[in-house]
Amino acid sequence: MNNKEKYDNAFMETFEIEAGQLPGLKYTEIPAWDSVGHMTLIAALEDAFDIMMETDDIIDLNSYEKGMEILAEKYDVEF
């Protein structure tokens, strides 16, 4: 499984959504992505990429695209 698939799976499994819903997805846009869902997503991403995200990055991750940007720039995850 490549990094993009790991990333997508974290979102799809956490929020129980389909791949087609990922592009443009934003925090609180779906009921599952509330504060609890957000921390569940962070845990899934940390497990998938074997990282520990900084608090500022956790707060800044407010969309599907922003998450990829943060992981690529700050945690050297290649997509």
Side-chain angles (χ1 to χ4, degrees):
M1 183 179 304
N2 67 35
N3 286 340
K4 177 75 164 50
E5 291 169 334
K6 288 181 189 178
Y7 184 76
D8 288 356
N9 280 341
F11 273 82
M12 291 186 297
E13 290 176 12
T14 298
F15 301 134
E16 298 180 353
I17 58 174
E18 300 295 321
Q21 295 175 270
L22 295 174
L25 183 65
K26 293 180 174 46
Y27 179 63
T28 70
E29 194 171 77
I30 57 172
W33 197 352
D34 57 9
S35 59
V36 174
H38 188 71
M39 293 314 296
T40 304
L41 173 64
I42 296 303
L45 292 171
E46 289 179 336
D47 285 347
F49 297 106
D50 196 28
I51 58 173
M52 284 294 294
M53 295 180 71
E54 296 177 15
T55 302
D56 288 344
D57 297 329
I58 293 170
I59 293 167
D60 289 345
L61 198 160
N62 60 6
S63 73
Y64 171 77
E65 288 77 10
K66 183 67 175 178
M68 282 192 287
E69 179 184 314
I70 290 169
L71 291 179
E73 291 177 8
K74 304 260 315 252
Y75 300 94
D76 299 321
V77 176
E78 294 183 17
F79 290 100

Aromatic contact between Phe49 and Tyr75, with the criterion being ring centroids under 6.0 Å apart: yes or no? no

Can you find a heavy atom in the side chain of Ile70 that is under 4.5 Å from one in the side chain of Met53? yes

Keeping to residues at least two apart or across chains, list the side-chain hydrogen bond (donor to acceptor under 3.5 Å, both in side chains) pairs with something in residues 23-44. Trp33-His38

Side-chain donor/acceptor of Glu78 to backbone N/O of Asn3, under 3.5 Å: no

For the side chain to side chain contact (heavy atoms under 4.5 Å, CB included) test, which of Asn9, Leu41, Leu45 pairs with Thr14? Leu41

From Met39 atom CE to Ile58 atom CD1, the distance as rounded to the nearest 0.5 Å: 4.5 Å

Taking atom CG of Asp8 and atom CG of Leu22, what is their separation to the nearest 0.5 Å? 5.0 Å

A quick test of your reading: do over 12 heavy atoms of other residues, nucleotides or ligands sit less than 6.0 Å from CG of Asn2? yes

Sidechain N-carboxylate O distance under 4.0 Å for Lys74, Asp57: yes

Run through Glu69, Met68, Lys6 and flag the one making a side chain to side chain contact (heavy atoms under 4.5 Å, CB included) with Phe79. Met68

Take Leu71 and Leu61 through the test side chain to side chain contact (heavy atoms under 4.5 Å, CB included) and record every step on the way to the result. CA-CA 10 Å; Leu71 291 179; Leu61 198 160; 5.7 Å; no

Measure across Pro23 and Gly20 and return the closest heavy-atom pair with its distance rounded to 0.1 Å. CD-O, 3.7 Å

Kindly indicate whether the side chain of Glu18, heavy atoms from C-beta on, has any atom under 4.5 Å from the side chain of Met12. no

